[in-house]
Number of protein chains: 2
Amino acid sequence: MENIIKILQKYNIQPSYQRIKILEILDKKREHMNVNMIYDELSKEIPTISKATIYNTVNAFVEKGLVNCLTITPEEARYDFDITPHHHLLCKKCGKIIDVHVKCPYTESMEIDGHRIEEIRGYFKGICKECLSHETL
Amino acid sequence: MENIIKILQKYNIQPSYQRIKILEILDKKREHMNVNMIYDELSKEIPTISKATIYNTVNAFVEKGLVNCLTITPEEARYDFDITPHHHLLCKKCGKIIDVHVKCPYTESMEIDGHRIEEIRGYFKGICKECLSHETL
DNA sequence: TTATAAAATTATAATTATTCCAATTATGGA
DNA sequence: TCCATAATTGGAATAATTATAATTTTATAA
Ligand SMILES: [Mn+2]
Ligand SMILES: [Mn+2]
Ligand SMILES: [Zn+2]
Ligand SMILES: [Zn+2]
């Protein structure tokens with residue numbers, strides 16, 4: 001809680017009650033939630049919370065560089081509190097989005113073919129470990 | 001034209017007039033078009049064409065593995081007739097989506113952390129060569 | 001503490017991308 | 001040609017997201 005407030009302040013975001021709660025959830029559940037998942041979870045604690053607030057808040061978080069927005073699923077945006085460089089696997093079976101920690105030879109900032117690259121996102125699709133284990137049963 | 005028909009047949013897609021025209025456009029314009037761009041372009045030739053047809057068609061193309069669907073822009077899907085493995089740069093300035101040909105150590109099929117990887121998409125964000133050159137003027 | 005201005009939240013409307021569906025039209029083979 | 005099937009079409013439905021305007025909360029100064 002105190003910790004979360006410090007993080008918000010560090011990123012120049014006024015730590016309002018709902019902003020704190022939203023960031024807390026993103027921190028606790030590292031499952032790359034979408035707006036509806038955040039909303040369903042938060043509604044339990046704050047029944048009056050509005051989806052507009054969640055949209056506003058995650059947009060602000062992304063804007064300020066506090067969380068990353070993933071577009072691995074075509075339907076809706078996912079949010080990731082872990083902003084250290086890593087990639088993601090979308091499991092075709094269970095739909096979960098799982099961190100993939102592979103060393104990438106391309107660093108965050110570089111030049112390729114004369115273009116200036118500032119951000120890299122690796123999106124993988126396949127079958128996750130857990131689903132594979134069920135398959136063999 | 002004949003060529004396009006052969007490709008459709010090879011992928012087990014009945015070569016109807018609109019399907020041929022849609023694939024022709026994706027072949028001619030390699031700019032990773034979205035449905036609206038395809039629609040605007042095609043409307044000139046086929047004023048009666050429906051967006052539903054374009055959605056149906058590109059979905060079928062993706063389903064059959066004839067084109068790739070890119071989710072680099074969060075707003076809408078982009079379609080790429082070039083299915084050879086390559087990555088993409090979204091220019092933050094002009095919005096163009098540009099092919100990035102870098103060697104990736106991760107091949108199409110592999111195992112990572114026990115997960116089975118079947119597809120890899122590298123999405124880069126930055127400033128394209130052309131926009132950089134304008135910047136220095 | 002109270003007043004007040006600014007900021008945040010909320011409910012709702014609007015927008016946009018996409019899918020669904022039912023009616024119409026085109027197509028390929030008997 | 002006739003018919004069954006497939007493809008196309010327009011419009012309605014759905015879903016994600018943004019915009020807007022009213023309300024509530026917060027920060028701060030009198
Ligand atoms: Mn992650
Ligand atoms: Mn491409
Ligand atoms: Zn899985
Ligand atoms: Zn550019």
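Note on naming: letters A, B, ... go to the chains in the order of the sequence lines (proteins, then strands), and numbering restarts at 1 for each one.
Between A:Glu119 and B:Lys92 there is a salt bridge, with a side-chain nitrogen of the basic residue lying less than 4.0 Å from a carboxylate oxygen of the acidic one.
Between A:Glu75 atom CD and C:dT19 atom P there is a gap of 9 Å when expressed in whole angstrom units. The distance between atom CD1 of B:Ile54 and atom C1' of C:dT19, rounded to the nearest whole Å, is 15 Å. Following rounding to the nearest Å, B:Lys64 (NZ) and D:dA7 (P) show an atom-to-atom distance of 10 Å. The interatomic distance linking B:Leu42 (CG) with D:dT8 (C1') rounds to 13 Å, in whole Å. The separation between B:Tyr39 atom OH and C:dT18 atom C1' is 15 Å, rounded to whole Å. C:dT25 atom P lies 18 Å from atom OH of B:Tyr17, rounded to whole Å. Taking atom CD1 on A:Ile38 and atom C1' on D:dA16, their separation rounds to 14 Å, with Å as the unit. Put simply, CG on A:Asp40 is 14 Å from C1' on D:dA15, counting in whole angstrom units.
For A:Arg19, taking side-chain heavy atoms from C-beta onward, the closest of the listed nucleotides C:dT9, D:dT8, D:dG10 is C:dT9. Which of D:dT9, C:dT10, C:dT18 sits closest to the side chain of B:Val35 comes down to C:dT18. Taking only side-chain atoms of B:Asn56, from C-beta outward, the nucleotide of C:dT18, D:dT8, C:dT10 with the closest atom is D:dT8. Of the candidate nucleotides C:dT9, D:dA16, D:dT9, D:dT9 has the atom nearest to the side chain of B:Ile46. Listed nucleotides C:dT18, C:dT19, D:dA7 differ in distance to B:Glu76; the shortest reach to its side chain belongs to C:dT18. Taking every side-chain heavy atom of A:Gln18 into account, C:dT10 is the closest of D:dT18, C:dT10, D:dT9. Side chain of B:Ala52, nearest nucleotide from D:dG10, C:dT10, C:dA8: D:dG10. For B:Ser16, whose side chain is taken as the heavy atoms from C-beta onward, the closest listed nucleotide among C:dT10, D:dA7, C:dA17 is D:dA7. Comparing atom distances between the A:Thr57 side chain and each of D:dT18, C:dT9, C:dT18 picks out C:dT9 as nearest.
In this model, the phosphate group of C:dT9 is not approached by any side-chain N or O of A:Ser50 to a distance below 4.0 Å at OP1 or OP2. Here B:Thr48 reaches the OP1 or OP2 of D:dT9: one of its side-chain N or O atoms lies under 4.0 Å away. Contact annotation: B:Asn36 side-chain N/O to C:dA17 OP1/OP2 distance is under 4.0 Å. Not one side-chain nitrogen or oxygen of B:Tyr55 sits closer than 4.0 Å to the OP1 or OP2 atom of C:dT19.
The aromatic rings of A:Tyr123 and B:Tyr123 sit perpendicular to each other, their planes meeting at more than 60°, with 30° as the lower class boundary. A tilted orientation is assigned to the rings of A:His32 and A:His86, their planes being inclined by 30° to 60°.
At the heavy-atom level, A:Asn59 lies under 4.0 Å from the strands shown only through sugar-phosphate atoms.
Between B:Pro74 and B:Ile13, it is B:Ile13 whose nearest contact on DNA chain D lies nearer the 5' terminus.
Annotation for B:Asn68 and B:Asp82: closest pair ND2-O, 4.2 Å, computed over non-hydrogen atoms. Nearest heavy-atom pair, B:Lys64 versus B:Tyr11, reported as atom, atom and distance to 0.1 Å: O-CD2, 3.3 Å.
Atom-to-atom distance recorded for B:Asp80:CG and B:Asp99:CG is 6.0 Å, nearest 0.5 angstrom.
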